[in-house]
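Worksheet: the structure to be examined is printed underneath.
Both ligands and their constituent atoms are indexed starting at 1 by order of listing. Note that the coordinates shown come from a computational prediction; the quantities given were computed from them, not determined experimentally.
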Amino acid sequence: MNLIDMTVRDLLAALAEGSVTSAQITDACLKRIAATDGEIHAFVSTADASAALAAAERIDARRQKGGPLGPLAGLPVAIKDNLCTTDFATTCSSKMLESFRPPYDATCVRHLRAADTILLGKTNMDEFAMGSSTENSAFAITRNPHDLSRVPGGTSGGSAAAVAAKMVPFAIGSDTGGSVRQPAAFCGVVGMKPTYGRISRYGLIAYASSFDQVGILARSVDDTALVLQQIAGHDPLDSTSLNAPVPDYVAAVKAAGDAKDGPLRIGLPREYFAEGLSDEVRRPIESLIAALKAEGHTVGETSLPHTEFALPAYYILTCAEASSNLARYDGVKYGYRAQGPFTGIIDMMMRSRTEGFGKEVQRRILLGTYVLSAGYFDAYYRRASKVRRLVANDFTKAFTEFDCLLHPITPTPAFKIGEKKDDPITMYLSDIYSVIANLAGLPAISLPCGWSSDKLPIGVQLIGPALSEGRLLAAASRVEQTISRSGLWKQR
Ligand code: GLN
């Protein structure tokens, strides 16, 4: 088998038995990037090839000597460009941070280095993680590897495209309202956003701090568990990180579907199968539901009655948080500064922010500042916060009856580049199925479950209760097996 087709699990096994070296894997990935990224534009910056190979050789030498090795030793990885890295600029795909070289690594990056992975580069994204298509990058438009005329989704579009195009076996993204799961669905890979606070946000450049969560893009549920195992956990540097033990996710996936496991109890929230869902997405998901029932799982209808308020509440709250988080980019301390002369400090800040931020970021800062302004706070922010609580309560109720909920992650397959770019409302509406998991802070995973008639990947989402990653991954692994047994999805 070609090295670039292999899963994290298979690569680790091949490395352990000595049938392949990290230098060979790294070389294969570097060659793949060189051959395909000129067209796909998944990366904003890439590692120096000889330095990456030298790092791989050092790990191979350590392995030969029987020295201590990290759990993901020798595997290449790509990281979204809103996670701080000392050896790469960290731009958030914004002109504002084009030359920002962080003095520290994000905690999850530190964990990945400690696991002995090899960082092959930083991936493209929508500027400051605002968007759904990766078209809002100040640098390049990432293309969907399955159809170059289409978007890869966003905002972790670069990470999803890099995994789908086989440039890396796995990648890291971030998910504030679907940014890992939606591009995973559009690109035909697995994408997971854990519980809010499960992975440290230290070194993740903030968009909406009460929503942002680091996530994983990989080729299988098992690979996702292998990576999550390394980066989950409490971090004193992030006051919102959860101080809860990290269970053995890998073992949970391995044991999934054992004889001792009863059938899964899967809830289908009726609001997510209603108007607006394209038949292209509905068809494979209905086939999956039929296959799950045929295998003896309990699949029943449930309801998340506050769904209709979720999207407006999401955009009010995240814009409010963004307007406050992005106030720090003022041209004074770091980030872009416009060319002088200036008439005064206000002129300097105004021109720096006008030139440094793209249109979508400016729109959200304006919206956020408006909803937080005196006189409007109660009407917008406070009401949206109440909706957030009601959405969370809906889930609590649904989980009394079901282990997890299953529904589409996107209303349509990947859309054409340029199709929604100038119509922000239509773009926001494409997030309709993904934002609720972030409003409620719950873990969610997107799995490829079929193909559209245009041969575009379709994803399905599973959501579980807070901190249920082990059980959710195990359930996802069983659903993944059903998808593969029933022939609904095969990598092309
Ligand atoms: N599309 C959503 C937004 O623009 C989600 C983005 C994200 O998860 N970072 O807010």
Side-chain angles (χ1 to χ4, degrees), residues 79-83 92-94 123-137 142 151-160 171-187 191-194 196 199 201 204-217 310-326 357-368 371 384 388 409-412 414-415 419-421 423-446 459 461 463:
I79 311 244
K80 188 175 181 178
D81 211 22
N82 58 353
L83 283 154
C92 264
S93 289
S94 178
T123 54
N124 197 22
M125 55 186 280
D126 287 295
E127 184 178 8
F128 282 97
M130 298 174 188
S132 310
S133 65
T134 313
E135 291 167 292
N136 293 338
S137 165
T142 302
V151 302
T155 62
S156 313
S159 289
I172 302 298
S174 69
D175 191 311
T176 303
S179 278
V180 162
R181 294 160 287 142
Q182 183 255 26
F186 279 4
C187 291
M192 184 188 204
K193 173 203 98 71
Y196 178 74
I199 299 174
R201 286 188 300 114
L204 169 66
I205 295 176
Y207 155 22
S209 311
S210 77
F211 293 76
D212 299 342
Q213 179 58 198
V214 173
I216 298 157
L217 297 114
L311 197 67
Y314 168 84
Y315 275 99
I316 288 170
L317 294 169
T318 54
C319 288
E321 292 188 24
S323 79
S324 150
N325 273 327
L326 272 60
F357 289 135
K359 270 215 157 42
E360 182 59 27
V361 175
Q362 293 187 18
R363 178 180 296 122
R364 297 202 192 189
I365 292 173
L366 290 172
L367 280 170
V371 301
R388 194 173 191 182
I409 174 75
T410 60
T412 63
F415 44 88
E419 191 180 318
K420 300 186 200 279
K421 175 102 174 69
D423 184 355
I425 299 290
T426 316
M427 189 73 96
Y428 297 172
L429 281 170
S430 70
D431 300 333
I432 192 129
Y433 302 135
S434 59
V435 299
I436 42 160
N438 305 74
L439 276 165
L442 301 175
I445 186 164
S446 163
Q461 169 163 252
I463 306 187

Practice task
Begin with the C-alpha distance, continue with both residues' side-chain angles, and end with the deciding distance and a verdict on side chain to side chain donor-acceptor pair (under 3.5 Å) for N124 and T134.
Solution key: CA-CA 7 Å; N124 197 22; T134 313; over 6 Å; no

Problem - Proximity flag F211 to ligand 1, non-hydrogen atoms under 4.0 Å - result: no

Practice task
May I ask you to list the atoms of ligand 1 that are less than 4.0 angstrom from any heavy atom of G178?
Solution key: 8 (O)

Exercise for the section: Report the part of R181 (side chain from C-beta onward, or backbone N, CA, C, O) that has a heavy atom under 4.0 Å from ligand 1; answer both or neither where that applies. Expected result: neither

Problem - Numbered atoms of ligand 1 (with element) below 4.0 Å of A129, judged on heavy atoms - result: 6 (C), 7 (C), 9 (N)

Handout entry: Parallel, tilted or perpendicular: rings of Y314 and F211 (30°, 60°)
Key = perpendicular

Handout entry: Polar contact flag for Y207 and ligand 1 (N/O pairs, less than 3.5 Å)
Key = yes

Handout entry: 4.5 Å side-chain heavy-atom contact, S133 and K421
Key = no

Problem - Distance (rounded to the nearest 0.5 Å) between M130 CE and I365 CD1 - result: 6.5 Å

Exercise for the section: Give a yes or no on whether the backbone of Y207 and the side-chain of E321 come within a donor-acceptor separation of less than 3.5 Å. Expected result: no

Handout entry: T318 N/O to ligand 1 N/O under 3.5 Å
Key = no

Exercise for the section: Number the atoms of ligand 1 from 1 as they appear, then name those within less than 4.0 Å of a heavy atom of R364, with their elements. Expected result: 3 (C), 4 (O), 10 (O)

Problem - Atoms of ligand 1, numbered as shown, that sit under 4.0 Å from any heavy atom of S132 - result: 1 (N)

Exercise for the section: Please report which non-hydrogen protein atom sits nearest to atom 5 (C) of ligand 1, along with the residue it belongs to and the distance in Å to one decimal place. Expected result: Y314 OH, 3.3 Å

Practice task
Could you grab the distance from atom CD of E127 to atom CD of E360, nearest 0.5 Å is fine?
Solution key: 9.5 Å

Problem - Straight-line distance of S209 OG to N325 CG, nearest 0.5 Å - result: 3.5 Å

Problem - Nearest protein heavy atom with distance in Å, relative to atom 2 (C) of ligand 1 - result: D431 OD2, 3.2 Å

Completion exercise
When rounded to the nearest 0.5 Å, the distance separating CG of L429 from OG1 of T412 is 11.0 Å

Practice task
Starting from the C-alpha separation in whole Å, work towards a yes-or-no answer on side-chain contact (heavy atoms from CB on, under 4.5 Å) for I172 and K80.
Solution key: CA-CA 6 Å; I172 302 298; K80 188 175 181 178; 5.8 Å; no

Completion exercise
re atom 9 (N) of ligand 1, the protein heavy-atom contact at minimum distance is S179 OG, 2.7 Å

Exercise for the section: May I ask you to check whether D175 has an N/O atom sitting below 3.5 Å from an N/O atom of ligand 1? Expected result: no

Handout entry: Geometric N/O contact K80 with ligand 1, under 3.5 angstrom
Key = no

Fill in the blank from the handout: Heavy-atom closest pair (V180 atom, S156 atom, distance to 0.1 Å) is CG2-OG, 4.0 Å

Handout entry: K193 near ligand 1 by a heavy-atom separation under 4.0 Å
Key = no

Practice task
Could you tell me whether some N/O pair between G177 and ligand 1 is separated by less than 3.5 angstrom?
Solution key: yes

